[in-house]
Asker: 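I am attaching a structure below and will ask some questions about it afterwards.
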Amino acid sequence: MDKLIINGPNTLSGTVSISSAKNACLPILAATILFPQDITFNKLPNLSDISFFVQILESLGAGTEGDLDKKTIYSARIDKTTADYDLVRKMRASILVLGPLLSRFKEAKVSLPGGCAIGSRPVDIHLSGLEKMGAEITIEKGYVHAKTNGLKGADISLAFPSVGATENLMMAAVWAEGITTLDNAAREPEIVDLANFLIQFGTKVEGAGSKQIKIHGRALKDYKNVESNEYQIIGDRIEAATYVIAGLMTNSDIRVQDFSPQHISAVLDTLTEMGAKLEIDENGVRTLPSGKLKGTNIDTAPFPGFPTDAQAQLMALMGVSECSSKVSEHIFENRFMHVPELVRMGMDIKLDGGSAIISGVDSLECAPVMCTDLRASAALILSGLVAEGETHISRIYHLDRGYEKLFEKFLALGAKIQRVKA
Ligand code: EPZ
């Protein structure tokens, strides 16, 4: 297993281009199951999660062609409706094939996704919504078995604005008879990107990005191939937030581009409140040397609130800011795995139930640390950039799931970073 060695402290400079969004790619790759034609994606990010998902589509019978820069999925060839455990266990987002398989093939067998480091990650909201649309669902031997005589549009009110459940139900609604209305729907930019994909392939979707989404179901037998079959996924807002915070933590002048800053307004507002000097335009953000920032308090929340996926990274910044800060995590029950590792690097963080109290310190110590989950890993990188001396970061396969070319991108920004065989 590789590890990263960062020799700190660092000052960064230059421009970093943000890759396509992992959390938009995954549901949109699942949505290719719905449309029996070839669909081409430009610039899919080179991430292990994306490669796994393409493998899942292939295991269902889809043909694929090309590399990640230009990948074509031939979903007319899909002829299986079982997503097997071996692949699903590697990535819980595989549950997103359930809705499209059920909608197009009237049946699906998908391994129940396990929990993960940050929480139990149940799928009850996904399943109850599908049942309201006429699916018969049983769970046997760790698999979700779903079948239907044909899904029907339904009025579904989500108990929580779950991103994955919203996505699964939007996809299930495409070949359902009648209109499906999702109330208390997730509003994340990735939901809007999925809706735009469904719209490009002929589905009428209204209200994506708001709390109520309406999907007008159609009859699969009437489907006609869509000529303009190329799609470009939005920039990864969480990757972008990570690099903006890196620029501020290292008191650097860098430009982070090829994403929509409005997708991380809550993050940028928080950073500005902390005293960050940012230049924001419609395609990126420039960080200016802002010195030591002031602490603040944040609560993670569904979009447009502060994103849970940027919580660990902000905590790292708070750890070297003035005064004290408080981070309250409301989305996942165990998303403070980064805290013990940050404390090993000299940060002063105390946990109090679902909150962390951070007292800013003047400097960090290099220490051997270990990645535990994707976003926690990013927090360790950020801290290693600032710590005096060599920080050794192990188990970086977590990073490879969600940060394309992270090592190369930080190297290009001037970081003293090496990737070595552990
Ligand atoms: C998506 O996960 C993202 N993953 C997560 O990003 C992100 O943290 C999360 O949304 C919240 O924004 C992808 O898009 C692939 P949820 P998802 O369903 O869909 C509970 C990353 O780092 N819940 O909105 O699984 C659930 O337990 C990852 O890129 C139910 O109780 O998130 C959690 O507490 C991590 N029942 C909360 O809702 C359900 O049926 C939010 O989950 C579904 C969810």
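Every number for a ligand or one of its atoms is a count from 1 in the order of the listing. Just so you know, these numbers come straight off a predicted model, no measurement behind them. Just so it is clear, the values below take in all heavy atoms, side chains as well, and ignore hydrogens, waters and symmetry mates.
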Asker: Looking at D309 and R335, is any side-chain nitrogen of the basic one under 4.0 Å from a carboxylate oxygen of the acidic one?
Answerer: yes
Asker: Taking the non-hydrogen atoms of E190, is any one of them nearer than 4.0 angstrom to ligand 1?
Answerer: no
Asker: Hey, which atoms in ligand 1 end up nearer than 4.0 Å to a heavy atom of F160?
Answerer: 37 (C), 38 (O), 41 (C)
Asker: Hey, is T308 touching ligand 1 through its side chain, its backbone, both or neither, going by heavy atoms under 4.0 Å?
Answerer: side chain
Asker: Should the heavy atoms of other residues, nucleotides or ligands under 6.0 Å from NZ of K405 be counted, would the total exceed 12?
Answerer: no
Asker: Taking the side chain from R218 and the backbone from G202, do they hold a donor-acceptor pair closer than 3.5 Å?
Answerer: yes
Asker: With heavy atoms under 4.0 Å as the rule, classify the contact between I331 and ligand 1 as side chain, backbone, both or neither.
Answerer: both
Asker: Could I get the full list of side-chain contact (heavy atoms from CB on, under 4.5 Å) partners for Q257, not counting sequence neighbours?
Answerer: T15, R255, N283
Asker: Under 4.0 Å from atom 20 (C) of ligand 1, is there any protein heavy atom?
Answerer: no
Asker: Just which atoms of ligand 1 are under 4.0 Å from any heavy atom in R335?
Answerer: 8 (O), 22 (O), 35 (C)
Asker: Return the closest protein heavy atom for atom 32 (O) of ligand 1 as residue, atom name and distance.
Answerer: F332 CZ, 4.1 Å
Asker: Can you tell which of A24, P122, S162 gets a heavy atom nearest to atom 39 (C) of ligand 1?
Answerer: P122
Asker: For ligand 1, which atoms sit closer than 4.0 Å to a heavy atom of R375?
Answerer: 21 (C), 22 (O), 29 (O)
Asker: For atom OH of Y85, is the number of surrounding heavy atoms from other residues, nucleotides or ligands below 6.0 Å larger than 12?
Answerer: no
Asker: If hydrogens are left out, which of L96, N168, D309 has an atom nearest to atom 7 (C) of ligand 1, that is, the closest non-hydrogen atom?
Answerer: D309
Asker: Please check this pair: side chain of E167 against backbone of P27, looking for a donor-acceptor N/O pair closer than 3.5 Å.
Answerer: no
Asker: Check each atom of ligand 1 against the heavy atoms of R92 and keep those under 4.0 Å away; list them by number with element.
Answerer: 25 (O)
Asker: K22 heavy atoms, cut-off 4.0 Å: which ligand 1 atoms fall inside?
Answerer: 21 (C), 29 (O)
Asker: Give me the nearest non-hydrogen protein atom to atom 3 (C) of ligand 1 as residue plus atom name, then the distance to 0.1 Å.
Answerer: N23 ND2, 3.6 Å
Asker: Around atom 17 (P) of ligand 1, find the nearest protein heavy atom and jot down its residue, atom name and distance.
Answerer: R121 NH2, 3.9 Å
Asker: Should the pair E58-K80 be classified as a salt bridge under the 4.0 Å nitrogen-to-oxygen rule?
Answerer: no
Asker: Do S325 and T296 have a side chain donor and acceptor closer than 3.5 Å?
Answerer: no
Asker: Indicate whether any N or O donor in one side chain lies under 3.5 Å from an N or O acceptor in the other, for D258 and S17.
Answerer: yes
Asker: Starting from atom 36 (N) of ligand 1, locate the nearest protein heavy atom and write down its residue, its atom name and how far away it is, to 0.1 Å.
Answerer: D124 OD1, 2.7 Å
Asker: Can you tell me if Q311 contacts ligand 1 (heavy atom of the residue under 4.0 Å from the ligand)?
Answerer: no
Asker: Under 4.0 Å from a heavy atom of G164: give me the atoms of ligand 1 that qualify, with their elements.
Answerer: 18 (O), 19 (O)
Asker: List for me each residue that meets side-chain contact (heavy atoms from CB on, under 4.5 Å) alongside S359, sequence neighbours excluded, and say none if there are none.
Answerer: S324, D348
Asker: Between the side chains of R419 and D400, is the shortest nitrogen-to-carboxylate-oxygen separation below 4.0 Å, so that they form an ion pair?
Answerer: yes
Asker: Going by heavy-atom distance to atom 1 (C) of ligand 1, choose the closest among D49, V123, I125, V163.
Answerer: V163
